[in-house]
Amino acid sequence: MKVERLKRRFDEMAQIGATERGGVHRLALSDLDREARDLWTHWSEEAGFKVRVDDFGNMFARLEGNFPEKKPIVLGSHLDSVPKGGKFDGTLGVLVGFEIIESLQEKAEDLSCPLEVAVFTNEEGARFPTPMLGSGAITGVFSKQHVYDMQDDDGKRFEDELKRIGYQGEEKNRLKEVEAFIELHIEQGPLLEAREKPVGVVKGIQGLSWHRVQFIGESDHAGTTPLEHRKDPLLSAVKAISRINNWIHRLEDETLVTFGKFDTLPGSINVIPSEAVFSLDIRHPHHSVLLDRVETVKHLIREVALEDDTQSLCEDLSFMPPVAFDESLIDTLRESCRANEIDYLEMFSGAGHDAMYIDRLGKTVMIFTPSQAGKSHCEEEETDWEDIEKALRVMHDNVARLALTHQPAADE
């Protein structure tokens with residue numbers, strides 16, 4: 001492995017869409033995305049890898065080895081960013097994967113299966129408003145027509161922009177099955193840094209349940225309606241939010257709850273609202289527990305409405321089940337950490353990643369490296385290169401254990 005080569009490529013990629021404050025602005029299927037893809041393709045062909053592009057613009061660079069008929073071990077992530085985002089998010093996973101496969105290239109005759117680096121399209125969902133779009137499309141989560149017809153804020157279609165930048169490949173080039181998919185990613189949270197752990201062994205991705213909560217009361221004049229005569233849905237909504245939040249805190253487990261949107265009708269300073277509406281985001285890494293949390297929250301909402309003599313509705317918007325990563329791959333990651341004497345934290349991901357959909361194609365696991373101050377999706381996003389080097393060593397050892405017929409000694 002050559003850390004300096006990795007860093008040199010990382011710095012070159014970070015110049016594409018670079019912002020004044022050290023981040024990147026590189027939206028999916030934009031001209032800057034094309035430039036990043038072109039650079040990655042150039043590096044892949046220069047290294048002698050076979051490059052293919054599928055019909056959603058997902059890109060794959062392949063090292064065949066002696067057993068091209070076998071299912072591949074795939075490493076990778078994405079190159080697109082959120083608006084004025086960070087330069088590590090996604091890109092680091094792609095380039096670490098590239099470095100590992102390139103470093104194993106001279107041992108190609110010892111490979112038990114092919115190795116691939118993957119770059120997935122529109123992972124962020126920042127331009128075309130569905131995250132993990134490329135990985136979800138090839139795993140059957142989204143239909144081809146749905147993806148192709150998706151539009152950005154300017155009304156530009158996904159398919160048209162894919163053609164425009166020259167990266168509409170063929171359906172036959174899709175990733176169909178994997179021996180293992182390993183995605184390295186920055187944590188995007190504060191836990192690793194707070195616990196002084198350079199590596200996160202990710203056991204799975206939290207599930208989420210989204211809801212629209214509505215309280216209905218009676219609108220009336222703010223100056224002439226006594227307090228005891230009011231049926232104020234805003235007060236019910238605030239009480240429900242407080243009650244739910246306090247209950248979640250008392251659980252002291254992995255449950256997360258967020259109230260991201262709030263609105264009232266008619267929305268006048270001198271009118272008691274007739275309706276109050278807020279959004280509810282509930283997350284937990286275990287499916288049965290998540291369902292139980294949702295039912296309890298709905299009970300609390302109904303309880304408040306009964307107490308206040310208002311009405312309540314809780315509309316289900318979206319449900320994404322948790323993903324549990326493969327136990328054998330998690331064990332191999334633990335072994336790699338111990339062999340390299342690198343401390344690690346076992347954890348769950350609170351954010352979605354391509355790995356959650358590629359899990360449908362075979363065994364999957366993720367590795368996290370710390371985010372300074374837990375920052376991500378912003379220009380201040382930063383990860384220490386000493387931590388990156390440790391994660392690189394763990395991941396390289398992990399891939400070698402899985403892919404090489406001859407296991408190198410620790411000092412090789």
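Ring centroids of His146 and Phe158 are separated by 6.0 Å or more, keeping the two rings apart. Between Phe319 and His287, a ring centre-to-centre spacing shorter than 6.0 Å is recorded.
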**Message:** Applying ring pair (Phe, Tyr, Trp, His ring centres under 6.0 Å) to Phe259 and His211, what does each step give before you reach the verdict?
**Reply:** CA-CA 10 Å; Phe259 311 95; His211 308 270; over 10 Å; no
**Message:** His377 vs Asp89, test: side-chain hydrogen bond (donor to acceptor under 3.5 Å, both in side chains). Steps then yes/no.
**Reply:** CA-CA 7 Å; His377 280 190; Asp89 184 351; 3.1 Å; yes
**Request:** Take Arg26 and Thr91 through the side-chain hydrogen bond (donor to acceptor under 3.5 Å, both in side chains) test and state the conclusion after the steps.
**Result:** CA-CA 11 Å; Arg26 195 165 59 224; Thr91 300; 3.0 Å; yes
**Request:** For ring pair (Phe, Tyr, Trp, His ring centres under 6.0 Å), just list the numbers for Trp40 and Phe49, CA-CA rounded to whole Å, side-chain angles, deciding distance to a tenth of an Å, and then say yes or no.
**Result:** CA-CA 11 Å; Trp40 182 85; Phe49 300 150; 8.8 Å; no
**Message:** Show, in sequence, the C-alpha distance, side-chain angles and deciding distance for Phe60 and Arg52, and conclude whether the side-chain contact (heavy atoms from CB on, under 4.5 Å) test is met.
**Reply:** CA-CA 5 Å; Phe60 307 94; Arg52 70 184 193 277; 3.5 Å; yes
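Under 3.5 Å, the side chains of Ser103 and His396 contain a donor-acceptor pair of N or O atoms. Of the N and O atoms on the side chains of Asp397 and Ser336, at least one donor lies less than 3.5 Å from an acceptor on the other residue. Counting only N and O atoms by type, the side chains of Glu379 and Thr19 include a donor and acceptor under 3.5 Å apart.
Arg21 and Glu380 are joined by a salt bridge, as a carboxylate oxygen and a charged side-chain nitrogen come within less than 4.0 angstrom of each other. Residues Glu12 and Arg9 are not paired through a salt bridge, judged by the lack of any N-O separation under 4.0 Å between the basic side chain and the carboxylate. Using a 4.0 Å cut-off between charged side-chain N and carboxylate O, Glu102 and Lys2 make no salt bridge. Salt bridge Glu335/Arg401: present, at least one basic N to carboxylate O contact under 4.0 Å. With respect to Glu159 and Lys163, a salt bridge is recorded, a charged nitrogen being found less than 4.0 Å from a carboxylate O. Between Arg5 and Glu99 there is a salt bridge, since a side-chain N of the basic residue sits under 4.0 Å from a carboxylate O of the acidic one. Ionic pairing of Glu116 and Arg62 is present here: one or more N-O contacts between side-chain nitrogen and carboxylate oxygen are shorter than 4.0 angstrom. Ion pairing between a basic and an acidic side chain is recognised when a charged N comes within 4.0 Å of a carboxylate O; Lys203 and Glu327 show no such pairing. With respect to Lys70 and Glu179, no salt bridge is recorded, no charged nitrogen being found less than 4.0 Å from a carboxylate O. One finds a salt bridge joining Asp11 and Lys7 here, because a Lys/Arg side-chain nitrogen approaches an Asp/Glu carboxylate oxygen to under 4.0 Å. With respect to the salt-bridge test (charged N to carboxylate O, under 4.0 angstrom), the residues Asp160 and Lys156 do not qualify. Salt bridge absent: Lys172 and Asp55 never bring a charged side-chain N and a carboxylate O closer than 4.0 Å. Ion pairing between Asp384 and Lys390 fails under the 4.0 Å rule for side-chain N and carboxylate O. We find that Lys197 and Asp343 are joined by a salt bridge, their nearest charged nitrogen and carboxylate oxygen being less than 4.0 Å apart. One finds a salt bridge joining Asp149 and Arg157 here, because a Lys/Arg side-chain nitrogen approaches an Asp/Glu carboxylate oxygen to under 4.0 Å. Contact check on Lys231 versus Asp308 returns no salt bridge, with no Lys/Arg side-chain nitrogen under 4.0 Å from an Asp/Glu carboxylate oxygen.
Relative to the six-membered ring of Tyr167, Arg37 meets both conditions, a distance below 6.0 Å and an angle of at most 45° to the axis.
Between the side chain of Ser371 and the backbone N or O of Ser376, no donor-acceptor pair lies under 3.5 Å. In this structure, Thr121 contributes its side chain and Phe56 its backbone to a donor-acceptor pair below 3.5 Å. Thr258 places no side-chain N or O within donor-acceptor distance of the main-chain N or O of Gly260, the cut-off being under 3.5 Å.
We find the CG-CD distance between Leu333 and Glu346 to be 9.5 Å, quoted to the nearest 0.5 Å. Interatomic distance, CG of Asp152 versus OG of Ser30, reported as 10.5 Å (0.5 Å rounding).
Crowding of Lys144 atom NZ: a count of heavy atoms from other residues, nucleotides or ligands under 6.0 Å exceeding 12.
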